[in-house]
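Notes follow the structure.
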Amino acid sequence: MNAPRPVVTRFAPSPTGYLHIGGGRTALFNWLYARGRGGKFLLRIEDTDRERSTPEATAAILRGLTWLGLDWDGDVVSQFERRDRHAAVAHEMLARGTAYKCFSTQEEIAAYRAAQEAAGASYAVFQSPWRDADPATFPDAPFAIRMKAPRTGETVIDDKVQGRVVIQNATLDDMIVLRSDGTPVYMLAVVVDDHDMGVTHVIRGDDHLNNAARQQMVYDAMGWEVPTWAHIPLIHGPDGKKLSKRHGATGVEEYQAMGYPAAGMRNYLTRLGWAHGDAEIFSTAEALQMFDLEGIGRAPARLDFKKLENTCGHHMAMADDAALLHELTAYLGAAGQPALTALQVDLMAKALPVLKKSAKTFPELLDKASFLMIQRPIVPDAKAAEALDAVSRGILKSLTPQLQNASWTKEALEPVLTEAATANGIGFGKLAAPLRAAIAGRTVTPSVYDMMLVIGREETIARLTDAVA
RNA sequence: GGCCCGUUCGUCUAUCGGUUAGGACACCUGGUUUUCAACCAGGUAAGAGGGGUUCGACUCCCCUACGGGCUGCCA
């Protein structure tokens with residue numbers, strides 16, 4: 001019995017922008033798969049395209065992953081820095097006879113295709129005249145190294161998500177592995193890096209499914225063990241088209257700035273395109289237990305903000321108070337809003353156990369907490385001002401001295417308020433409205449008891465006094 | 001154009017030849033309630049279309065339609 005190799009997965013984004021939400025999900029799947037099996041999750045930045053790669057983009061990707069709670073093992077690998085190794089492998093392929101020098105210029109290749117099209121072909125794979133050329137005929141000119149790919153037969157990708165995918169070798173050309181300027185091509189770099197990094201499972205977007213065939217040829221050419229493939233469908237927008245900027249947020253950091261809690265985001269993203277029976281709301285620890293490649297669907301999934309919000313609501317409610325307060329602070333920073341004052345932090349800590357139960361996002365939480373964020377004198381909005389008519393103000397005024405003596409617990413406050421209502425011949429609702437207006441300056445707030453308990457007796461009485469003055 | 005992948009309620013999905021096709025979000029109705037929520041109960045809602053295979057197909061095969069991807073000395 002051979003012990004199975006420990007799982008090694010990786011996330012390999014191009015640093016050409018922010019961390020796309022689809023990329024975030026791909027990273028999450030890789031992370032869940034590795035971490036759930038005691039394996040390693042590696043991070044590699046595919047920065048071989050010097051024109052488009054920026055350090056800012058790399059930083060943004062790292063921030064996005066960190067926010068999602070996806071930690072990687074070891075150092076971040078730069079693909080560009082490994083270019084010498086890639087080139088060495090290309091030359092090794094040359095030595096093995098699995099690749100050859102191609103002196104065809106780009107003009108010649110274009111001309112070849114044009115000629116084929118003129119001859120009626122709709123598309124033609126380029127067939128280099130140098131594939132089997134005698135070295136004696138080699139010109140003294142720059143050359144690219146092309147893989148000597150099989151021209152007949154088929155390449156089979158045994159994919160954990162897509163199943164058995166068969167590609168006819170005749171439809172693939174001899175891809176270039178090393179450019180004429182000596183730089184490696186992405187297709188070669190990925191294979192060399194994945195092999196050198198010991199990656200056992202390649203979990204990535206299905207836009208790479210066709211590429212897998214050519215990459216598998218490189219593995220074969222080098223005599224390396226082919227990793228387990230798992231090509232997952234891309235995420236689409238609500239209209240079913242590929243998710244793009246016109247759908248709204250596509251960057252992971254935008255979701256943070258919109259105030260979705262990371263745990264909810266993880267849960268939602270895990271469930272998007274993956275299922276485990278009826279499991280809907282689960283912790284990350286539970287996700288780690290359940291996640292497998294089997295549960296990944298084959299069809300692209302659409303983003304549904306309503307469900308995202310609902311999922312986040314559950315996580316908000318079950319979050320640990322201290323952790324939630326900490327994340328709220330981080331949210332304010334990410335959203336570019338002022339930090340909480342010491343007093344607000346104090347009040348927020350008291351209010352959180354109640355507020356978190358009904359909020360789905362941080363902005364919503366903050367809105368429900370507005371009664372503790374504001375300062376006297378409180379300026380009521382139009383509707384609140386209406387609730388504070390002369391009669392109501394009179395009732396509030398008579399209530400103040402009674403609050404002075406009541407002990408400040410919900411149990412003690414309840415009879416005080418209900419008795420005040422009956423004494424004035426009104427229902428509790430009629431009393432709560434002006435109270436709410438006086439305490440919060442608005443008509444939609446948490447329970448009046450909860451607000452009073454959070455801000456305390458002194459502040460409550462001060463606000464009531466202001467309102468009736 | 002060629003090749004590859006996909007298609008179950010509006011959305012995410014379960015089902016792995018035999019089910020009244022299940023769950024969740026959303027939506028609608030009712031309940032609870034000091035407001036908004038939250039919460040509780042109930043309801044509407046699906047196998048893209050057409051051929052096969054089979055005693056029996058959402059499940060297997062073929063065709064069509066639609067969607068997506070790849071087809072580069074980009075990644």
Side-chain angles (χ1 to χ4, degrees), chain A residues 12-16 46-49 51-53 79 102 104-106 109 117 121-126 142-146 157 159 161-163 165-168 170-173 175-187 189-190 205-214 231 233-234 236 238 240-242 268 271-281 294-295 297-311 313 317 354-355 357-360 364 367-368 383 387 417-418 421 427-433 435-437 440 442-449:
Chain A
S14 300
T16 55
E46 312 225 310
D47 51 358
T48 55
D49 184 340
E51 301 284 300
R52 296 192 294 163
S53 301
Q79 189 160 67
C102 175
S104 296
T105 62
Q106 297 195 52
I109 296 168
E117 267 177 49
S122 56
Y123 177 80
V125 291
F126 176 66
F143 59 87
I145 297 181
R146 296 189 101 107
I157 299 299
D159 194 279
V161 175
Q162 307 291 339
V165 179
V166 180
I167 311 283
Q168 296 303 317
T171 65
L172 268 25
D173 62 4
M175 72 163 177
I176 286 176
V177 290
L178 200 72
R179 299 187 185 95
S180 51
D181 65 359
T183 59
V185 122
Y186 160 79
M187 290 283 196
V190 200
D206 69 4
D207 48 336
H208 287 289
L209 181 57
N210 285 282
N211 292 340
R214 332 178 72 148
H231 289 91
L234 270 21
H236 284 186
K241 304 282 184 187
K242 192 168 68 165
Y268 177 73
R271 248 321 254 105
L272 192 61
W274 173 85
H276 185 82
D278 287 340
E280 294 286 349
I281 302 299
E294 312 267 296
R298 290 145 302 267
R302 306 180 190 201
L303 219 44
D304 180 356
F305 282 84
K306 292 285 194 184
K307 184 151 186 175
L308 202 211
E309 277 181 24
N310 180 279
T311 303
V354 172
L355 299 185
K357 286 184 199 161
S358 58
K360 301 188 182 82
E364 200 182 333
D367 182 62
K368 289 176 188 296
K383 281 189 178 169
L417 294 192
T418 47
F428 184 61
K430 286 283 184 194
L431 174 65
L435 252 179
R436 179 171 286 124
R442 40 159 90 181
T443 54
V444 176
T445 75
S447 136
V448 290
Y449 293 112

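So you know, we letter chains A, B, ... as the sequences are listed, proteins then strands, and number each from 1. The figures here come from the full heavy-atom set of this structure, side chains too, leaving out hydrogens, waters and symmetry mates.
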Need one value for [X]: base, sugar-phosphate or nothing, where a base atom within 4.0 Å counts as base even if backbone is also close, heavy atoms only.
| X | result |
| --- | --- |
| A/Asp47 | nothing |
| A/Gln162 | sugar-phosphate |
| A/Met187 | base |
| A/Gly427 | nothing |
| A/Ala299 | sugar-phosphate |
| A/His208 | base |

message: Looking at the base of B/U35, is there any donor atom on it, or on the side chain of A/Thr443, that sits under 3.5 Å from an acceptor on the other one?
response: no
- prompt: Under the 3.5 Å rule, do the base of B/A24 and the side chain of A/Lys307 count as making a donor-acceptor pair?
  reply: yes
- prompt: Does a side-chain N or O from A/Arg298 land closer than 4.0 Å to OP1 or OP2 of B/U13, or not?
  reply: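 The answer is no; no side-chain N or O of A/Arg298 sits under 4.0 Å from OP1 or OP2.
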- prompt: So, is A/Lys360 near the phosphate of B/A38, with a side-chain N or O under 4.0 Å from OP1 or OP2?
  reply: yes
When rounded to the nearest Å, what value does the distance between [atom1] atoms of [N] and [M] take?
| N | M | atom1 | answer |
| --- | --- | --- | --- |
| B/U59 | B/C16 | P | 14 Å |
| B/C60 | B/U53 | C1' | 8 Å |
| B/G23 | B/U15 | C1' | 12 Å |
| B/A48 | B/G6 | P | 14 Å |
| B/U20 | B/G1 | C1' | 49 Å |
| B/A38 | B/U29 | P | 15 Å |
| B/C27 | B/U44 | C1' | 9 Å |

Please determine, for [N], whether a Watson-Crick or G-U wobble partner exists with both distances under 3.5 Å, and give it or none.
| N | answer |
| --- | --- |
| B/U33 | none |
| B/C28 | B/G42 |
| B/U15 | none |
| B/G6 | B/C66 |
| B/G1 | B/U71 |

- request: Starting from the 5' end of RNA chain B, give me the residue, A/Leu272 or A/Val448, whose nearest nucleotide shows up first.
  value: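 Residue closer to the 5' terminus by nearest nucleotide: A/Leu272.
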query: Where each residue is assigned the nucleotide of RNA chain B containing its nearest heavy atom, which of A/Gln79 and A/Ala275 is assigned the position nearer the 5′ end?
result: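 On the 5' side of the pair lies A/Ala275.
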Return the nearest nucleotide to the side chain of [X]; candidates are [options].
| X | options | result |
| --- | --- | --- |
| A/Arg52 | B/A75, B/C5, B/C12 | B/A75 |
| A/Val444 | B/U35, B/C5, B/C73 | B/U35 |
| A/Lys368 | B/C36, B/U13, B/G72 | B/C36 |

- prompt: Would A/Arg271 and A/Asp304 pass as an ion pair if we require N to O under 4.0 Å?
  reply: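 So A/Arg271 does not pair with A/Asp304 through a salt bridge.
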